[in-house]
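Atoms within a ligand are numbered from 1 in the order they appear, just like the ligands themselves.
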Amino acid sequence: MKTTKISFFILSLMLLLMSSLSGWAGNAAAASDSGKTYVIGTDIVFAPFEYEDENGNYVGIDIDLLDAIAKDQNFKYQIKSLGFNAAVQALEANQVDGVIAGMSITDERKAKFDFSEPYYDSGVVMGISANNDTVKSYEDLRGKKVAVKTGTEGYSFAESIASKYGFTIVPFDESYQMYDDVMTGNSVACFEDEPVLRYGVKQNNGLKIVTDKEDGASYGFAVSKGKNQELLEMFNAGLVNIKANGEYKRIIEEYVGENAQVANLGRWELIQKSLPSLLKGLGKTLLYTIVSLFFAFIIGLIFGFMKVGQNKFLRVVATVFVDIFRGIPLIVLAFFIYFGIPQAMGFTMPLFLAAILTLSLNAGAYVTEIIRGGIQSIDRGQMEAARSLGIPYRKAMIKIVIPQAVRVMIPSFINQMVITLKDTSILSVIGLVELTQSGKIVIARTFSSFDIWLTVAVMYLIVIITLTKIADYLEVKIRRG
Ligand code: GLN
């Protein structure tokens, strides 16, 4: 009776957690009362086109244009900030209905996507550190490294001239990472879209622009070729309307006009301002850790007992499970579950589900081994003695072997808890907003890597040390009890 009550309680807790998690899946939805909700993929940070402002709101030219057009055309949408390369992949895999991400309309892309009318002019420029006076043109790049962002027009441009000017390409996923690479001197230059780098320079990202804009493509809103044509038509019609009624101009002015805001915070002020969003990220890190460990524990119990059991078939199944999920790097597993499986099977995987699956399967494999190791560490003689006294296998296991095994397992469990908590950070690659991702988002806006990464590291340390201390205390109590 008691156990049913407890499991009921745990189940309700899980449902509660899951429902709050699912609420995070999207960022915004325009108000409208009819029709389908279009899922629109975008970059995580590509200011002034999309980024998170000081108050944690997702803003930018793209975001505001889409919102104004959706209101004008009366359609509903949901933003998914995936990162540029991931958003384009998601569109290709039909995981999203459209992409707005400062996406250049190029001939190559036109083969796969249908674009709206262009809504903003762009083109690639070369950026170098503001204190570098030696690099002035592409000729000065010979023998040096150049940072680029994967899947972008800047990348293709760098690739097209790399052998002519003799430089090597260093790829990054996010714009701020390539700026950092230039600032630290690993790369001597980066290639970035002119409006974005100009905005960054104005926000004191430490770089300067040294070349004229390459003839580049303009930005367009994209859908998969031949798909969601009604959405594309609405976008085009809405764009015409907001240009006519002055809304378009107002949005552009707000971000890149004369009076656009320049953030100029002191270091403390910056950390203070960032704390709320970092703390929110930390909360999610903890939640993801707890939920995944819960499932990992269930998985571990099932496979752990299969591994020490008497049935050969079950033993093999459990061994294969551990080999697979312990063997695949977490980041590969995350990509496979979030992008791979849905693409192959033609469905959309919610982000929180992908995250929990990845973490629980990985941690589950380790917990399986902890449980197996714990049980096998108890001398066989004890089981044999119990059986010879006429105690049945199950009872001997529950009363004699398991209580001792649990004590052996506790330190490894604590270890696994710390590892899983840290591993949640890897899921930032699929756009999961937890502590590390929150840090990335703040840095992308403020360009202060040192202060923010230090704050993030300290936050992880405080939580991990506190949890370990609590666990140590409990361990002592259990050993005594
Ligand atoms: N305009 C570039 C492209 O389309 C970069 C876009 C981005 O990084 N968000 O490739």
According to salt bridge (Lys or Arg N to Asp or Glu O under 4.0 Å), who are the partners of Glu174, at least two apart in sequence or on a separate chain?
none
Between the side chains of Asp121 and Lys213, is the shortest nitrogen-to-carboxylate-oxygen separation below 4.0 Å, so that they form an ion pair?
no
Tell me the residues surrounding ligand 1, counting only those with a heavy atom closer than 4.0 angstrom, sorted by chain and number.
Asp43, Phe46, Phe84, Ala101, Gly102, Met103, Ser104, Arg109, Lys149, Thr152, Glu153, Asp193, Tyr219
Would you confirm whether the ring centroid of Tyr199 sits within less than 6.0 angstrom of the ring centroid of Phe46?
no
Side chain to side chain contact (heavy atoms under 4.5 Å, CB included) against Ile169, all qualifying residues, sequence neighbours excluded
Val148, Tyr155, Ala158, Glu159, Ala162, Phe167
Mind telling me whether Tyr255 and Tyr51 have parallel, tilted or perpendicular rings, with 30° and 60° as the class edges?
perpendicular
Counting only pairs under 3.5 Å, give me each side-chain donor-acceptor contact of residues 453-462, with atom names and distances, residues two or more places apart or in other chains.
from, atom 1, to, atom 2, distance (Å)
Thr455, OG1, Asp451, O, 2.6
Tyr460, OH, Glu434, OE1, 3.4
Tyr460, OH, Thr436, OG1, 2.7

